[in-house]
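All remarks here apply to the structure that follows.
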Amino acid sequence: MSIASALGLTSSKKVRYAFVALGDITQEAMLPGVKHTGNSEVVAFVTGDPEKARGVGAQYGVTESYGYEQFDTLLASGTIDAIYLATPNWRHAEFAVPALKAGIHVLVEKPLEISAEKSREIIAAQKASGAKLMVAYRLHFEPCTLATIDLIRSGQLGDLLTFSSTFTQMVSPVNHRATSGIEAGPIFDMGPYPINAARYIFGDEPTEVVSAVGIRHPEAGLGDFDDTVAVTLRFPQNRIAQFVLSYYGNTLDSYSVVGTKGSVEVNPAYMYGKPLEHTVTIGEDKSHASFKNTDHFGGELKYFSDCILEDREPEPDGEEGLADLRVIEGIVRALQTGTSQTLEPFTRTKRIDPKSQEQTLSAQKSPELVNTSNPGKGKDKVPLN
């Protein structure tokens, strides 16, 4: 927190947002938290579904709506300062790049894009314009995650050895993620969570995708991609990260870290809507903590708006998004070739700061979602459920 914020001297001005795409993650998770940020407001929607825009607009008092093809008109309107971007992954650059070039700040859902090349296009647009770019890594502001990072950095676990994670959920065959190929599958959709967690736990970047094994369960009824994937990553200093992702399993989201003096298990670790918890073992002494159930989405929006209003650079920036895409591409290559993949050297210039990033806004109740029966409009991203 800045000195001005601590003294209550910050501006009363609010950042004006347009929300791009009105899928479940926008309606269920982000919109309910806007009001209690205190520094953000939604003034427009961008969607391919005018009927949905009217329904959601009635809930939140938003009357301005633009079609995707009218995005340039919105950018030139002078009515917005920033956008929240929650289109399918492969459409992020399509909207982020022109917004940044127009000087409009961008909060984009993860992954940043579906390739390192597209990610670099977004980052280049940000650097050229000076507008702010943040990737929506909501756990970078969540109390349990930050307490776990503090624990790791304290040295109480000793030298870190292994990270292991399981992240599974049952995805319906009628969900758009089931029919949009690998870019909407578990590697891109769920993979950023354990990849990002391993990176912030180890405070380093992986050097190799040692192995990646994909499974397709015919009974899952999903599309042409691996519904279950197991991955092993090599990190510097002889550390290993392993994780399993699945669209065909009962929900589990957990990770554990083992060091030479102790270990920590975080379970639940990635989902929102419930308290996250961790169990710490030092030698034979065990302790457990359950952390406040916070509004992950309102918290990250508040943080990003603070960065805009106070002219600070956000921590989970484009480089953070690129760091994960670099690993995701390596996993895809390992699956395609059946061989290990050496990752190009990468240095992260910024890491999470638990002291300044924690957000503790109270969790908000999700409203009834507004959907339409038009089958051509089901392309907005849906949340991890």
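Values reported hereafter were calculated over all heavy atoms of this structure, with side chains retained and with hydrogens, waters and symmetry mates removed. Not measured: the values here are computed from a predicted model.
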Would you kindly confirm whether [X] and [Y] end up in one hydrophobic cluster when ILVMFWY residues are joined by side chain heavy atoms under 4.5 Å apart?
{"X": "I83", "Y": "Y68", "answer": "yes"}
{"X": "L160", "Y": "V210", "answer": "no"}
{"X": "F235", "Y": "L343", "answer": "yes"}
{"X": "V332", "Y": "I195", "answer": "yes"}

Ring centre gap for [X] and [Y] strictly below 6.0 Å:
{"X": "Y255", "Y": "F163", "answer": "yes"}
{"X": "Y84", "Y": "F19", "answer": "yes"}
{"X": "F243", "Y": "F167", "answer": "no"}

Among K127, R120, R348, whose salt bridge (charged side-chain N to carboxylate O under 4.0 Å, His left out) with E319 holds?
->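 Between E319 and the candidates, salt bridge (charged side-chain N to carboxylate O under 4.0 Å, His left out) is satisfied uniquely by R348.
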
Test F297 against Y272 for ring pair (Phe, Tyr, Trp, His ring centres under 6.0 Å), laying out the working first.
-> CA-CA 9 Å; F297 293 82; Y272 59 90; 4.9 Å; yes

Check the angle between the aromatic planes of Y200 and H140 and answer parallel, tilted or perpendicular using the 30° and 60° thresholds.
->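 Perpendicular.
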
Aromatic rings F141 and Y303: how do their planes relate, parallel, tilted or perpendicular, breaks at 30° and 60°?
->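 Judged by the thresholds at 30° and 60°, the geometry between F141 and Y303 is tilted.
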
Test log, rule side chain to side chain donor-acceptor pair (under 3.5 Å), inputs S164 and T162 = CA-CA 7 Å; S164 57; T162 66; 5.5 Å; no

E205 and R199, any side-chain heavy atoms less than 4.5 Å apart =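 Side chain of R199 against side chain of E205, heavy atoms only: contact under 4.5 Å found.
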
Side-chain contact test, heavy atoms from C-beta onward, threshold under 4.5 Å: evaluate it for I114 versus F188 and give yes or no.
->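 A side-chain contact exists here, since the closest heavy-atom pair is under 4.5 Å.
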
Check the pair H278, F291 against ring pair (Phe, Tyr, Trp, His ring centres under 6.0 Å), reporting the backbone distance first and the verdict last.
-> CA-CA 8 Å; H278 75 199; F291 294 80; 5.1 Å; yes

Look only at the side chain of N39 and the backbone of S305, and say whether a donor-acceptor pair between them is shorter than 3.5 Å.
->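 Side chain of N39 to backbone of S305: no pair is present.
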
Look only at the side chain of K14 and the backbone of G38, and say whether a donor-acceptor pair between them is shorter than 3.5 Å.
->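 No, the answer is negative, given that no donor and acceptor are paired below the 3.5 Å cut-off.
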
Counting only heavy atoms not in E344, do more than 12 sit closer than 6.0 Å to its CD atom?
->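 12 or below, so no.
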
If you count the non-hydrogen atoms of other residues, nucleotides and ligands that lie under 6.0 Å from CD in E219, is the total more than 12?
->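 Result for CD/E219: enclosed.
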
For residues M134 and P314, report the shortest heavy-atom separation together with the two atoms involved.
->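 Where M134 meets P314 most closely, the heavy atoms are SD-CB, 3.7 Å.
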
Which atoms form the tightest heavy-atom contact between P192 and D324, and what is the distance?
->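 For P192 and D324, the tightest heavy-atom pair comes out as O-OD2, 4.0 Å.
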
Got a second to check how far S254's OG is from E277's CD, nearest 0.5 Å?
->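 Between S254 OG and E277 CD, I get 12.0 Å after rounding to 0.5 Å.
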
All side-chain hydrogen bond (donor to acceptor under 3.5 Å, both in side chains) counterparts of D311, not counting sequence neighbours =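 Scan of D311 (side-chain hydrogen bond (donor to acceptor under 3.5 Å, both in side chains), adjacent residues dropped) gives K132.
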
Taking the six-membered ring of Y247 (Phe, Tyr or Trp), confirm whether the NZ or CZ of R177 is under 6.0 Å from its centre and within 45° of its axis.
->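 Geometry flag: set, cation within 6.0 Å and 45°.
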
